Every structure is written in structure tokens, then in C-alpha cells.
Amino acid sequence: MEPRYSPQQLESVVQAWWLEQHSFKVTEDPDREKYYCLSMLPYPSGQLHMGHVRNYTIGDVISRYQRMLGRNVLQPMGWDAFGLPAENAAIQRAVPPAQWTYQNIEHMRGQLQRMGFAYDWSREVATCRPEYYRWEQWFFTRLMEKGLAYRKNAVVNWDPVDQTVLANEQVIDGKGWRSGAVVEKREIPQWFIRITAYADELLEELDNLPDWPDSVKTMQRNWIGRSSGLEVDFALAAGGEPLRVFTTRPDTLFGATFMAVSADHPLAIESAKADQDVAAFIAQCASGGVSEVELESIEKKGVPLGIDAINPLSGEKIPVWVANFVLMGYGTGAIMAVPAHDERDHVFATRYGLPIIQVVAPANGELIDVSATAWPAKDDTVTVNSGEFSGLDFQSAFERIAGYVQDQDIGERKVNYRLRDWGVSRQRYWGCPVPVIYCDSCGAVPVPDGDLPVLLPEDVTFMGVQSPIKADPDWRATSCPTCGANAERETDTFDTFVESSWYYARYCTPGAKAMLDKRADYWLPVDHYIGGIEHAVMHLLYFRFWHKLMRDLELVSSDEPATKLLCQGMVLAEAYYHDSPEQGRVWVRPDEVEIEKDAKGKTIDARRATDGAALTATGWTTMSKSKNNGVDPQGLIDRYGADTVRLFTMFASPPEQSLEWNDDAVAGSQRFLRRIWTLVYSHRETLRGASSTAETLDEQSQSLRRTFHGALQKINRGMERHQFNTVVAACMESFNALERFDPGSDPARIAVMREVLGILVRVLAPITPHLSHVLWQELKMPGELLDAPWPKVDESALTSETQVLVVQVNGKLRGQVEVAAEADEVVIREAALADDKVARHVGERAIRKIIVVPGKLVNIVV
RNA sequence: GCGAAAGUGGCGGAAUUGGUAGACGCGCUGGCUUUAGGUGCCAGUGGGGCAACCCGUGGGAGUUCGAGUCUCCCCUUUCGCACCA
């Protein structure tokens, strides 16, 4: 044992040992309880970032802890390897996306190994490899057969200069990020997967996920957005096909003062032929991007179509408008607008001077004014101004009106979802080819199993932004699997969310000669899934959906992919900038900033180290390239070692909260590890000769054991609730007591010291596995630390003869009393009243009540 | 615009889930160790006041013997919004 803690050297020795022993390779063992701990797989962007380090440390701590509890733990790792950044690198640096991706994977795998994560690397997956994506293609053809995959037109962002489809991310202020051209909406045929067919199950089974965060479940419920309402036909005054709308508020039907249709609605398109204003408005709606933020935050505008509809209940004539806030993709693409009881309708009506008629009122008779703002309530309401349907609450009005509409055959009850079918086509190169062949006579034909995989060529050169497979007629040309005629391949690729929807299952069956095999059911479902909260709806919904698809193809037997979910917070750092007249806003890297503090430690000035330029601090913000405030984990690992980085990320904040990066505090974490090392080093001779038990213990030894076993209770609670910051704090607190403990040459004391060190080393093992491994050996503890049993709380160590109670007077802290542990309420009351300070505060006033909370406090109410 | 969270010392956070607010750490202040140093150790550290004591968990109301914790309203920040992953 070296006198100084030198993590770099120590960690490489321990890692080499794990590698040699194949310590993390696992196999299915029906006799042992399995535990599948999964962290979301990274995109191989080139460098590990702090978000990865945090995510994977949390997963590793849980995995190692579960292993010490005796479970057969699977912790795999892989690469979400397809995606847009590889294409951008290809365009900028003329390197093929495949080459760029594989190099990044090599580098990042090395970084993960340097962190000491306990992965079974024999199960590694890279989603861009044909042996992975061929099963995705196979699965897609099954979905086509079942009618769960289909093709329809959908709108995309179109860059008219680059002649290419843009991702929402590539549209900035309505313009293409490279060309700067105003983006247009364009409809193209695309493949969809029918997730709406599973909407009800996806919604209902959220109730079977008690260990998923409520926030995620709520977001998923809202995202699915099940709403039951009514479809109603509004006849047009001029006759012809009636205008059908969907509404969730039939009770407000009498308040409809206008109708609005989407710019893509047939009625709008028809009107545009004769009306220039309508045509111009529709053209205007076609510019700009397709993202929901853009659509929902634009100013609400519209143009009248010059058509009147007839309210089926009141018989009133109301005008039909085309409006930019009505979406073709939801409901029928047309709405009845009730300005009095809907916020958006109200804004629109106010803008264009359309009437606002109140038809719902508070049930308690209170008067409301709908002229300035809408009143959307539907609980404790009553309908008014609604003819024979007046005087009803929401539910009765809904039922009566729905009944009437059905009797008249002008509509029906309808359940709608906000959730839309999943568009999986991408007009990009670096993705999994959609396994479809288009034949003039046979249409869209799935590629037969024997012809899979449809290989994506990896040795390509980019000419501009065009996808190399779209640009290559030879790649496209093929023959129809059905009739043998000349045919063309689909050149679109899948959304990368498809790959990340089933990787967790493939980890269970490495090398399988099918998509999955029987091994999957040993490991699945995932016991603990860990990843960023930013995935709360999209990935985590696709992940659940795909599992159900696989279940229905009898590939897995569970209903849900993961029983427990932990969403870790973002990693933040301070960012600093100054505004310069020439360069605009200049962001300065945090490690180039000099901070001046006042006598209380408050920051009063920040300057650039090189030239003393005054800087403005943003406060805590997400690490990003644009703000130049990313902290590179590699530098920290090189400087402090993996254990220190792991310890800091666990200690700085609880997993679900954001983590504020602080270089000084990282150094502080290393100080703690160094102190442990130094303590064990300085007692190494005595500890070697320690006996494992001691019969009689003196007061100090008992107190130390009480501290450690008390801390162990906190640690166990912290581990179970994943509050690793409190686990570390409890370790530090108990270690502080140990540092003040002098074992001298007393065998009983030395035995106690060895016992508590054994506890400390084991509870730290999941967090700082390298240091713990070495100390475990140094203490001559039996067996491999990885499989050492988690320490047990010794209840007898916790008992004490006295208890300290807090005394309050009228809820304010006034004193403390020490009484016997078994003292009854009478004794406690007397002791409390006898306290000088308490007596002074009670004074002459009459005591009204005394509340005694056993083991905690006494409150005297005067 | 819609949906979901979070606000506690100079900073990160803790609080046994309605019972001592500030555990643990960083920073800061003073001291010690002849410490090359960004090392190590000791003490102090929510604000005000000499003190008794008073104030204090984003702001405002409420429930309670007692509220950081529960209820309502408001403010601010962060995340997601379907082609970033």
C-alpha cells in the first residue's frame, strides 16, 4: 500500500483485474433472481459528455448495489449509431458517416471503460450494424402484413434552395439553417406505424407502472390526449356536403358563432379557386415550418370563406372561416368556434369582431362576463341560452345533445386522440433503409425475409446535402419480388427512434439468429431504466409501444418493457460572455475565467484571465457548444481519477434534479477519498492483526458503532430511494467520527475500527469501486468485493439509555431536555416544565395544552 | 401557445414525509504545521443585535398546538411539443 492515494495507477490495476476475471459477464441462471439495469444508450457524438457520465454512474451504482444484494445483474451498453450529426460531419469534413461513427464508438467505449462501469461488453450493440437493423427491417415487414404499417402523405419542412427536407431542428426562425431560405410546407408520401391502435392500452397501462415518475405518466397521458366528444354535421346554407366538426364541448353548441377550417381542408381549397383572399391566405399558411411550437405560437389569423353554415340545434346561420390555428391532422380539420367558452376562439372572435354568446354559467348563479375573456369551465356549470337544452350540467347536456344528434343522424359520439400515428420515414442517408420495393403493377412490396437485410452502403461520398442512396440509380434499381418486373427500392430510412425502441431486448439475446430468442424472457422486463427527462414522452412512449408490438408477435411475453424508471436531471454549468462590437457576443470558457469574491464568499467580479476583460455570468445553464461552457469529463478523469468523478456526480445533487457542475467541489470529493486512504494507511499494521469480534466495548467504541449503524440506516434508505447524495453525506458524517476515534492498541477498539471500515468500504463500493476494491483487500476481508454481501444494520448497536427532546412554547423552540429512553409522558412533561428557559417563556400564562411527540418534542401551548 | 417539473445561506444541497430549518460538502474568515505550491490540520461561518431576543425556506393569503412540507392565487427558471438524439 502506497502512502499517497494515486487513483490513476490504482484504477488501471483494478480495471485490468476485472477484465481478466470477466467480472461483468453474465448468463441466464433460472435459480437466481435477475436484475436488469439499463441506461439509455448514447449517440456516439465523439466525446463522452457530463450528461453521459451522470446517467451511467447512476446506472452503475444501482447495478453494483443490486449485485451486492445477491442478484444476477445484467448491465449492457451500446450505441444509437444512426443519425443526422454523422451526415453533417460527412458534409463538412468529407468523411463517410460510417467511418466517423465507428471511430467515435471506439473512442467513447474507451472512455466508458476508463470510468470503470460494470458493463457486459459481450452484449454490445451498435444500431448501424446490419446484424442489428436487419431484424428491424424484418419486423417492419411483419407490421406491413398486419396492416400496422401504412403509407400516406404527410407534411414536411422543405428547403426550396437546397431542395431537401429539413428536420425541425434545422429550421431557424422559419428559414433553412444552411441556405437561409424561407422554409415551405410540402406534402410527400411517408410510412407510418399505427400507434393510435394501441393508444388505449398505452394509456390504461400507465396505471400498472407504480414505479414510473408521476410527471412522466402525466406527460404521457396528456400526450396521448384521449378525449371523448361528438362529431356533428353543420349543413351549409348553400347546400351540398355538410361540414363535419369534432367537439369535446357539445354543451356549448348554442354558443358557436362561427366555424373554422384548416388551410388544408377541402372546403378552403375549393373556396380558394374563386376567392383570391382565401388563396393568398392559404399560400401564406404554407410558408414556415411544421413544428408545433411554430404552429401554436403564431398569431391567430383567418379569412372568411363567404360561406354560411347552419347550427343544427339553433338553426342560426354562422359564417365559415379558414384559420391558421385549426390543424388538419386532428379531428376533422374543422371546428365550431365558441368564443365565450374557449380561449383561442375568443382571441380570434375579438380580433375579427365576431359575436360572443354566453351559453354556460356557474351552477351557483354567480354572474360572469365573457366579453373580455373566455370562461372555459365545465365543472359545476349549467347551460343557458340553449333553447330546450338549457338548465343542464355538462354531463347531462352532453348526453342529451349527443342523443339528439344521433337521432337526427347528423353525427355520432367519437373518441379522439391527440396522439398521431408515428411517421417513421426520413429522407436521409445515415439510417436503416426502409425494406420496401415499389413496383408499377404490384405497388409497395415488402422485401422478402430471404433478401434481408437491405444493406446501407457504407463506403459513400456526399455530393452536397443529397442522400448518396437517393443519388445512386444503381442502388435504387431492383426487381419486384412478386412479379419480377423492374422496380425501385425505397430510399428513405427509418427514424432513429425505431432503433432505440427495441435495443434493450436485443441486449438479452446476443448473436440470436432471429430478432430475439427465449433468453429475452429471462431478463425482461427491464427492472430499472435510467435516462434523461427529455425522453419523457417520445422515446419512452415508442419504447412501450414497440414492446407491445413485439408481444403481439410473440417475441416477448410481458406487457411493459420496464417496471421502474428514473429520469435524471440535466447537468448545468455557469457560462460567461462579453459583448464585443466586432464579434458580437463572445462566450468564454469557464476555466479561462478569474472570479473575485468578497469576504463572505459571494462572487463580485468575473474577468477573462488572458486580458482582464469584464465578463457577465449567466448563472446555471445547460452545457452547450454555443455557450462554450461544456466541461470535458476526460480532463477530470485524467486529473482526479474515475472514482472522484463518480463520487462528485453522486454527491452534488439527487439524480432527478439538475446537477450544477463545480470544479472546486470535485477537488473536495477527492479530499474525502484521500482521507480514507490516509486513515487506512496509517493504521494498516494494527488493522492487519485485528480480531473480528470483541466482547466488551467501552463508551467510545459503542458510540462509534452507534454512529456507523445509524448511518447505515440512512444509507439503506438513500440507496432504496436513489438519493445517492444522502448516501455519500452519511458516509462522510460517519467517517468524520471514525477520524476522531483513536484505537490505540486496544484489541476491542481495533476490532470495532475494522468492523466500521468494512461497512464503509462496502457501502462506498458501488460509488467508488476502484478505491473500495483495493481497501477491501488491504483489510484482508474475505472474497471479491463485487459479490460481498451488503452490510446489515445491528439494531443492538443503536440503543441508547437516554433521549433528548426538544421543548417548544407556542411552537417556538425554547429548550431541550434529556430524559430516560423509557420515560413516560408525565415524566417528560415535568422535565419540560422544569427547564429554566421554558419556565421563563411560559411565565405567568395559563397552560392550555401540552403536546408530546414521543422521541421528538414537547410543545407547550399557553 | 400547450404539457410537465423546480424555487431553502455566498454556492450545491439536507430535513426521519406535518415536529429542532440549514445535515454533508464547496466557498469564505482566522489560526497552526518552516507548507515550494492550488498540500495538511484546528476553529468559526443564515441575517440583524453587545445581549436578552427578533427575523428567516420565490411572493401573497389560508388550514394547524406546530408548515420548507398541506390548500388557493401570483412570479421566476428549466424540460418537452411529434424530422436533434
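Chain identifiers are assigned alphabetically (A, B, ...) following the order of the sequence lines, protein sequences preceding nucleic acid strands; residue numbering begins at 1 within each chain. All of these numbers come straight from a predicted model, not from anything done at the bench.
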Exercise. Give Gln170(A) one of three labels, base, sugar-phosphate or nothing, depending on what nucleic acid heavy atoms sit under 4.0 Å from its own.
Key: nothing

Practice problem: Ignoring backbone atoms, test whether Arg814(A) places a side-chain nitrogen or oxygen under 4.0 Å from the OP1 or OP2 oxygen of C53(B). | Solution: no

Quiz prompt | Base U17(B) paired with Arg721(A) side chain (donor-acceptor, <3.5 Å) | solution = yes

Practice problem: Report the residue from Lys470(A), Arg426(A), Gln190(A) that forms a side-chain hydrogen bond (donor to acceptor under 3.5 Å, both in side chains) with Asp492(A). | Solution: Lys470(A)

Quiz prompt | Shortest side-chain distance from Glu733(A), nucleotide among G80(B), A14(B), C24(B) | solution = C24(B)

Self-check item: For atom CD of Glu720(A) and atom C1' of U16(B), their distance in whole Å
Solution: 16 Å

Quiz item: Mind checking whether Trp661(A) and Phe648(A) have ring centres under 6.0 Å apart?
Solution: yes

Exercise. For C26(B), take OP1 and OP2 only and decide whether either is under 4.0 Å from a side-chain N or O of Arg671(A).
Key: yes

Quiz item: Should Asn168(A) be listed as having a side-chain N or O under 4.0 Å from OP1 or OP2 of A82(B)?
Solution: yes

Quiz item: Hey, what's the ring geometry for Trp430(A) with Phe82(A), parallel, tilted or perpendicular (30° and 60° as the breaks)?
Solution: perpendicular

Exercise. For G66(B), take OP1 and OP2 only and decide whether either is under 4.0 Å from a side-chain N or O of Asn810(A).
Key: no

Practice problem: Pick the P atom in C24(B) and in C81(B), then give their distance to the nearest Å. | Solution: 41 Å

Quiz item: Counting side-chain heavy atoms from C-beta on, which of A85(B), U20(B), C53(B) comes nearest to Lys837(A)?
Solution: C53(B)

Practice problem: Write down the distance separating the C1' atoms in C26(B) and U45(B), rounded off to the nearest Å. | Solution: 13 Å

Quiz item: Which heavy atom of Arg829(A) sits nearest a heavy atom of Val852(A), and at what distance?
Solution: CG-CG2, 4.3 Å

Quiz item: Whole Å only: how far is the CD atom of Glu660(A) from the C1' atom of U78(B)?
Solution: 11 Å

Exercise. For Gln190(A) and for Gly668(A), find the nucleotide of RNA chain B with the closest heavy atom, then tell me which residue's nucleotide is more 5'.
Key: Gly668(A)

Exercise. With heavy atoms under 4.0 Å as the rule, sort Thr678(A) into base, sugar-phosphate or nothing.
Key: nothing

Quiz item: Taking the six-membered ring for Trp, is the centroid-to-centroid distance between Phe543(A) and Tyr504(A) below 6.0 Å?
Solution: yes

Quiz prompt | C1' gap between G60(B) and A14(B), integer Å | solution = 27 Å

Exercise. Kindly indicate, with the supporting measurements, whether the criterion side-chain contact (heavy atoms from CB on, under 4.5 Å) is fulfilled by Ile860(A) and Asn810(A).
Key: CA-CA 6 Å; Ile860(A) 300 163; Asn810(A) 283 351; over 6 Å; no

Practice problem: Decide yes or no for Leu636(A) and Asp638(A): does some side-chain heavy atom of the first lie under 4.5 Å from some side-chain heavy atom of the second? | Solution: no

Practice problem: Look at all strands and tell whether His841(A) reaches a base, only sugar-phosphate, or nothing, counting heavy atoms closer than 4.0 Å. | Solution: sugar-phosphate

Quiz item: How far does the C1' atom of G59(B) sit from the matching atom of C50(B), given to the nearest Å?
Solution: 34 Å

Exercise. Using the six-membered ring wherever Trp is involved, compare the ring planes of Tyr542(A) and Trp422(A) and label them parallel, tilted or perpendicular (cut-offs 30° and 60°).
Key: parallel

Quiz item: Can you tell me how far C1' of A82(B) sits from CD1 of Ile224(A), to the nearest Å?
Solution: 13 Å

Exercise. Flag the pair Glu292(A) and Arg418(A) as a salt bridge only when some basic side-chain nitrogen lies within less than 4.0 angstrom of an acidic carboxylate oxygen.
Key: yes

Quiz item: Looking at Leu327(A) and Ser262(A), what are the two nearest heavy atoms and their distance?
Solution: C-CB, 4.1 Å

Quiz item: If you pin His539(A) and Val216(A) to their nearest nucleotides in RNA chain B, which one's is more 5'?
Solution: Val216(A)

Quiz item: Once you round it to whole Å, what is the distance between C1' of C24(B) and CD of Gln723(A)?
Solution: 14 Å

Exercise. Using the P atom as the reference point in each nucleotide, state the distance between G7(B) and C55(B) in Å, no decimals.
Key: 25 Å

Quiz prompt | Sugar-phosphate, base or nothing in reach of Pro654(A), heavy atoms under 4.0 Å | solution = sugar-phosphate

Quiz prompt | Shortest side-chain distance from Arg674(A), nucleotide among G40(B), C53(B), U20(B) | solution = G40(B)

Quiz item: For the residue pair Phe348(A) and Phe325(A), is the inter-centroid distance of their aromatic rings smaller than 6.0 Å?
Solution: yes

Practice problem: Verify the contact: side-chain N or O of Gln816(A) to OP1 or OP2 of U20(B), cut-off strictly under 4.0 Å; return yes or no. | Solution: no

Exercise. Please work out if Val165(A) contacts a base, only the sugar-phosphate, or nothing of the nucleic acid, heavy-atom cut-off 4.0 Å.
Key: base

Practice problem: Output yes when at least one side-chain N/O atom of Lys217(A) is less than 4.0 Å from OP1 or OP2 of G3(B), else no. | Solution: no

Exercise. Ignoring the backbone of Lys849(A), work out which of C55(B), G80(B), C65(B) is nearest its side chain.
Key: C65(B)

Self-check item: Protein-nucleotide distance (Asp663(A), atom CG; C11(B), atom P), rounded to Å
Solution: 18 Å

Exercise. With heavy atoms under 4.0 Å as the rule, sort Gln657(A) into base, sugar-phosphate or nothing.
Key: sugar-phosphate

Exercise. Send over the distance from Glu294(A) CD to A82(B) P, rounded to a whole Å.
Key: 10 Å

Quiz item: Counting any heavy atom closer than 4.0 Å, what does Ser291(A) reach on the DNA or RNA strands: base, sugar-phosphate only, or nothing?
Solution: sugar-phosphate

Quiz item: Whole Å only: how far is the CE atom of Met219(A) from the P atom of G3(B)?
Solution: 13 Å

Practice problem: Among G25(B), C79(B), A85(B), find the nucleotide with the atom closest to the side chain of Asp80(A). | Solution: A85(B)

Quiz prompt | Integer angstrom distance from the C1' of G56(B) to that of A67(B) | solution = 14 Å

Quiz item: Does any residue of residues 853-862 of chain A have a heavy atom under 4.0 Å from RNA chain B, and if so, which ones, in number order?
Solution: Val853(A), Lys856(A), Leu857(A), Asn859(A), Val861(A)

Exercise. Report the nucleotide, chosen from G3(B), C26(B), A85(B), that has the shortest atom-to-atom distance to any side-chain atom of Leu84(A).
Key: A85(B)

Quiz item: What nucleic acid atoms does Gly423(A) come within less than 4.0 Å of, heavy atoms only: base, sugar-phosphate, or nothing?
Solution: sugar-phosphate

Quiz prompt | Integer angstrom distance from the P of G40(B) to that of A5(B) | solution = 43 Å

Practice problem: Can you figure out which of A5(B), C53(B), C79(B) approaches the side chain of Thr622(A) most closely? | Solution: C79(B)

Quiz item: Base, sugar-phosphate, or nothing: which does Phe325(A) touch, judged by heavy atoms less than 4.0 Å apart?
Solution: nothing

Quiz prompt | Value in whole Å for how far the P atom of C2(B) lies from CH2 of Trp223(A) | solution = 16 Å

Exercise. For Phe651(A), answer base if it contacts any base atom (sugar-phosphate contacts may also be present), sugar-phosphate if it contacts only those atoms, and nothing otherwise; contact means non-hydrogen atoms under 4.0 Å.
Key: base

Exercise. Classify the nucleic acid contact of Ile851(A) as base, sugar-phosphate or nothing, counting any heavy atom under 4.0 Å across all strands shown.
Key: base

Exercise. Name the nucleic acid region contacted by Lys812(A), choosing base, sugar-phosphate or nothing; use a 4.0 angstrom heavy-atom cut-off, strictly under.
Key: sugar-phosphate

Self-check item: Qualifying salt bridge (Lys or Arg N to Asp or Glu O under 4.0 Å) pairs, either residue in residues 713-722 of chain A, two or more places apart
Solution: Lys714(A)-Glu733(A)

Quiz item: Checking all strands, does Ala536(A) fall into the base, sugar-phosphate, or nothing category for heavy-atom contacts under 4.0 angstrom?
Solution: nothing

Quiz item: Of the nucleotides A5(B), C24(B), G25(B), which has the atom closest to the Arg675(A) side chain?
Solution: G25(B)

